[in-house]
Every structure is written in structure tokens, then in C-alpha cells.
2 protein chains.
Amino acid sequence: MSQAAQRPAGPAARGGGRPTLEAVAALAGVGRGTVSRVINGSPRVSDKARAAVEQAIAELGYVPNRAARTLVTSRTDSIALVVPETETRLFSEPFFNDIIRGVSAELADTEMQLLLILVRTKKERERLATYLAAHRVDGVLMVSVHEDDPLPTLLERIDMPSVLVGRRSDVEPLSYVDADNAGGARMAVRHLLRRGCTQVATITGPLDMEPARARLSGYRRALEEADLGSDEALVGRGDFTESGGREAMRGLLERRPDLDAVFCASDLMAAGAMQVLRETGRRVPDDVAVIGFDDSIIARHTDPPLTSVRQPIEEMGRTMARLLMDEISEEGRARRQVVLATELVVRSSA
Amino acid sequence: MSQAAQRPAGPAARGGGRPTLEAVAALAGVGRGTVSRVINGSPRVSDKARAAVEQAIAELGYVPNRAARTLVTSRTDSIALVVPETETRLFSEPFFNDIIRGVSAELADTEMQLLLILVRTKKERERLATYLAAHRVDGVLMVSVHEDDPLPTLLERIDMPSVLVGRRSDVEPLSYVDADNAGGARMAVRHLLRRGCTQVATITGPLDMEPARARLSGYRRALEEADLGSDEALVGRGDFTESGGREAMRGLLERRPDLDAVFCASDLMAAGAMQVLRETGRRVPDDVAVIGFDDSIIARHTDPPLTSVRQPIEEMGRTMARLLMDEISEEGRARRQVVLATELVVRSSA
DNA sequence: CGGTAATGTGGGAGCGCTCCCACGAGGCAT
DNA sequence: ATGCCTCGTGGGAGCGCTCCCACATTACCG
């Protein structure tokens, strides 16, 4: 019987036939330890041995077995991107795409794998908790956390490296990356004031979300700086949705029909608001100037095209990944916070 | 505050301290084999033993170590979602989100992990090839493949379970899930004809992509069915982008200023086309009716709101996942193809 | 010149699991 | 009774790697 006959399909066909580190060692005429050292970039290898090993690796097309490595190191070389599903619809649509793009770009020349975990139900959330507690990933990226989300607390407790995009409140203990929501809002309102508007209203997001609060405070700040008293009748409550924007706009017009500008905390709400303005015979921007937030795809397609505050979303994704990698490699590192600048994209609505 | 003292850091803190199968066995007073059988749902376990094991698992909060399992079974319990990055921007934006949502929903009560892999550069593509050839995942989901993409061929060769969304051509050998592009286009054009339009133009996508070809053929089919000869001057070439739509529209108007309807193979192109129609003083839908494709978010925000063909994207994602799971579990299973129906969402543009 | 310190190397042990073989206990026909 | 299944069970072997210790070998010091 020849060697080959000893391995009759089955296990071999199931993926067992790939070259192992041992095979590389044999071909290169060195020991397993040396091959391992070469692969892991240890400096304690002679040039000669390294060359032989690299040659053998290339020849065999060897790729290290991740599971075996994980088993012994208990590093998984993968991180999870956790997205509460309820959120995904609220987001200005490209948000999620761009975050992923950024994260993925930053991870590209790393060994890190990106695991995508959407959380819908309570049951799934519990399952995820177990999963994380079992340290199945080296780190966690969390998108859009509500104030009362228990997951971040868990992450903190089990000391899992993790980075949020957006913070839960302004005393967020975990690492996070955020856009300068307050600054963006302030910039938008200043733009409206510079245009000559004097009765500037705002439509806020749901105020149990930090970004919504921050945008509102930026609005207030800009008015204060211009020595314009803030009239609470000029503040309408929305929920980041289009219909929410419509309703809030109607309420504002009822209370303050003389308003001449609206800063909306999302483009979707701005789109809703503009519909109402048009219905009530007001022209944008001549009668009422409108600014949105997010610079989402719809901003370019409203009529007139919407001036909006852009967040550097892809950059945020990249930064998150970078922070997380650092947190993973430097054990016991302090949590970090990064706030990235926003930018006003001026179109025709203001 | 003294949490740190609890765990002396080092190996234990690195994740080594979790209960193993052996610990469960000891606590339950059975052998390792029995615990393993319980976990993997083998029927050959007495009720008594099973109960004892389940009790022990709950007590210890045991979660099996995936790496160890992978090492011996060479199943990874994870699948990759591969997205060529160049594509993501082209997509009607929610596409990607919805696919993910669908896939994730289907995977929710499975052990399967979802790995997200964006491919940007040639180098990354090669790396992915190595990765896949090393069988690092049990299966692959591929979004948007170009005809000349070498990856599907690789998947075929290494006999990796895989499902595409959209096919490369109509003789696609791999499993795929697709929307009925031709049917949707046909439906759209019939709607235009029923409205009384007689000079129906179309703006196509890039014809090296199957969906673009299919939508064009649906357009032709509808015209044939109505015994309207097809005039090649009524066919404008676009590229799925807004500016492409604008240019194609200008070309069409030059050739056939008498046209009274345009079926566009994407919403973005429809938006571009509508801009040009407005600029040239034509009213939509009175002078020229317009229909888009994708029912993307911008369809609701154009002026007038765009009638569009909707694809059941989330359903496509779910179906993909289901097909892939089947392909993974039933070895040697024939590849399957699923085409899902599209739907015309009528708004004001036609 | 010996002695100590680096430097490079091989290979045993063991990570936590599944697979599978061997074995005892019971069931049912002969 | 004897034989021969089936069922449930325990535990050895081994998946492919990294870690680490022991052992060369060479370099450098006084």
C-alpha cells in the first residue's frame, strides 16, 4: 500500500489535506519552532533559516491554521462590529456603509477579521452577552448606543477592549469616536445668522440620544453668542424621521409663523420640514432657510438641494478601528475619546 | 475599584480561566464524551445524563471553545460576505444594508458567524483568494459580481459552498439569488404603455452587468408584446450614476425630442434624467413620464416622487443565507438558482 | 586562554475539543 | 441458559499551533 492509499478521501477532502507548519519545517530542514518564529516575525532567526522557511512556505502555499493558533494563544484575531438593528433604519442611510468602509480599510493590512453582529431582539442581545463574556472576540466596535443599553456596561465589566461610535452621555467611560455634533450645529446656525435670519428655529432629534442633545446645545450656543435670546417656542421636537420633521415643522409654524430659518438635526427631518413649508406656501430659502444634518444622499435630491452638516463618517470608522487595535495590543491602556470635526456643505436651501 | 486585584492579570486575564468541557464533565459526574454528545445534540444519551450535564453547563456558564472545535472538525462555523468595494457606491444605498439585514436575520438562530470582507484592491483580492483557498470559512456570499471577476471561478474550483446575489450571466453555474430584473422592467414599461405613452425610451445601466442587460431586455420585451417596433434611438446608455443619467437623457432628447416616457434602469439615473427634463422645460409626468429602478431612498425625495421598481432585497439576503446553509450541510448538493419577483411602486412620476 | 553572555535552534507539552474504539449492561431471540 | 444485538458510556488519541526549556553554537569580555 502506498502512502496515498492511507488517506481515502473523507477527512482529506473535508479540508484536512492542507500543509501544516510541520510540513514546512520538514521541507525547510528546520524545526517547528523556527518556522513559528519566522511566521510571527521574531528577530531571533538566522537569515539562512528564515530564507529556507520562506521558500518552503511559498512552495507549499502554506497558510497558518487560525484555529490552532487561537487555541493556544487565546487571541481570536477578530473583532465584532455590533449594530443594534433598531438603529440601522434611523441612520442616514450611508452611515452604516461608510463606517464599515472605514473600519474595513483600517483593518485591511492586519490579520484581524471583522465579524458583523446585528442585534434585533432581547434574546439575541442576551446571546451576544454570553458570546462576549466567553471572549470570542478580541474587541468590540459598537455603533449607536442608547443611553440605557446594557451592553456597554457589560463590555466595561468584562474588560473587553471596545470603542463606541457616539457616546452615551458626555461622561462616557468607554473609548469612543464621535463627530463634533455641537460644533456642527453651531456652525450651521451661525451660517443662518450670517445670512441675515433672525428668527431661527430648530427641530431636534429624540433627546434621549446624545447626538440630538449635542446638536440642540450647539444651536443654543450659536444664538447666545449672537446675543439672541432663545425662545423655547422656536424649538420643535422631532425623532430623526421624515414624518417627525413634518409634524415638528407644523407645530413651529403654528407657534411662530414669523420664523425665517430652521436648523434640523437630520436631513430626513429637513426633507419633511421642507414639504410642510412648501405646502404652506413658503419658499426655501427665500422665506425660510433650511439646514439639515448628516449630508446624506437625500440632501442632494431635495428641492432645493439641502445645505447640510457633514460628518466624516468613513474617517470615524477608521479611527474606531485604530483605537480598538491599540486597546487590544496595549493591555491596560486608558480608554480614549476622539471627536472629529464636522463640515458645512452649502447647497441652495440656506 | 479594587477589581484589578481580583485577577492577577497574565494568562488568566487573557481569557484562559473559562470553564472547559472537562470541568463540566467533572461537575456532572460523567465523561467528556457524554458532555460532547449532549452539546452536539446526539440522541445516544440517557435522559439522566443529559439533565446532569445541562445543569452543570448552566451552573458553570460554560460556552464551548470554538477554536478547539474548529481545530478538530475543520468546520469554522463562519461564512464570509464578500463585497467588492468598487460596487458599494453604485448600489442604491440601502441595498447593502438590507442584504446584511436579511442574511443576519436568517443566521440569527444558527451558530454561524458572519464575516464581512470588503475587497478594494488587487492585492486584497489576492489575499482573499489565499484565504478562501485555505478554507477559512465554510461558505461564501458574494455581492455584485462583474462578469470578469475571477473570484467566483476560484470558488467553483475549490468547491467552496457559495451563493451570489445577482448572476454573472444567464448561464451562471454557481448558486445565486436574483431579482427578476427583466420582469420588473417589463412591468414598468407596460405601466407606461397603459398610461398611453407611445414613445417610450430607456436609459440602461452598464451593459457588462447582467442586471443592466436584463432590464434592457425586459424593456424590449414589453414593447414587442405591444407590437411597438423598437427604435434603437430610444435606447440611451447610462452607467447607473446620476450624471450618467443626465447625459443619456440629453442624448435621447437630441435624437428623439418627441419621446413621452423614459424607463431608467436605476433611480439615480432617473433623478439625473428628471433634472434634464426640467431644465429643458418638460413636465414630469405630463410631458414625459419617468420610472426608475430600485425604489431607493431617493425615489421618495425626487420632485415629483419617483415611480420605481422595487426588489425584495432583504428577502434576497435571507434566501442567500438559506441556500448557503443548505449547500454547506448537504455535501455535493447541486447548485441552485432563485429568482425573486419585483414589484412596481407607483408614485407621481408615471 | 577560560568564562560568561548572548544568539539560534529543536522539540516536548499542552491548549479544548471531537472522533472513535472498547467495554459493560441490558434486551431479545434462540 | 447461550449467543448476539443494541444502547449508553468513558477516555485515549490527536487536530496544528505557540510557548518555553534545554541545548548547542558563537561572540565578547577580562
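What you see is a predicted model, and the numbers here were worked out from it, not measured in a lab. In what follows, every heavy atom counts, from backbone to side chain, and hydrogens, waters and symmetry copies are set aside. Quick note on labels: first sequence line is chain A, next is B, and so on, each numbered from 1.
- Looking at the side chain of A:R37, the nearest of the listed nucleotides C:dC17, C:dG11, D:dT9 is C:dG11.
- With hydrogens and angles ignored, no donor-acceptor pair under 3.5 angstrom links the side chain of A:R66 to the base of D:dG16.
- Residue-level contact check: A:A49 touches the backbone only, with heavy atoms under 4.0 Å from sugar-phosphate atoms and none from bases.
- A salt bridge is absent between A:R127 and A:E124; no separation between the charged side-chain nitrogens and carboxylate oxygens falls under 4.0 Å.
- Of all nucleotides listed (C:dC20, C:dC17, D:dG8), D:dG8 comes nearest to the side chain of B:R44.
- Across D:dT18, D:dG12, D:dC15, the shortest atom-to-atom separation from the side chain of B:V72 is found for D:dC15.
- The side chain of B:S46 has D:dG8 as its nearest neighbour among D:dG16, C:dT18, D:dG8.
- The pair A:D149-A:R168 fails the salt-bridge criterion, with no side-chain N (NZ, NE, NH1 or NH2) lying under 4.0 Å from an Asp/Glu carboxylate O.
- Distance from the side chain of B:T20 is smallest to C:dC17 among C:dT9, D:dC17, C:dC17.
- Among the nucleotides C:dT9, C:dT18, D:dC17, the one closest to the side chain of B:T73 is C:dT18.
- Of the candidates C:dT18, C:dG16, D:dC17, the closest approach to any side-chain atom of A:L71 belongs to C:dG16.
- A donor N or O paired with an acceptor N or O is not found under 3.5 Å between the base of D:dG8 and the side-chain atoms of B:R50.
- Taking side-chain N and O atoms only, A:N65 has no distance below 4.0 Å to OP1 or OP2 of D:dC15.
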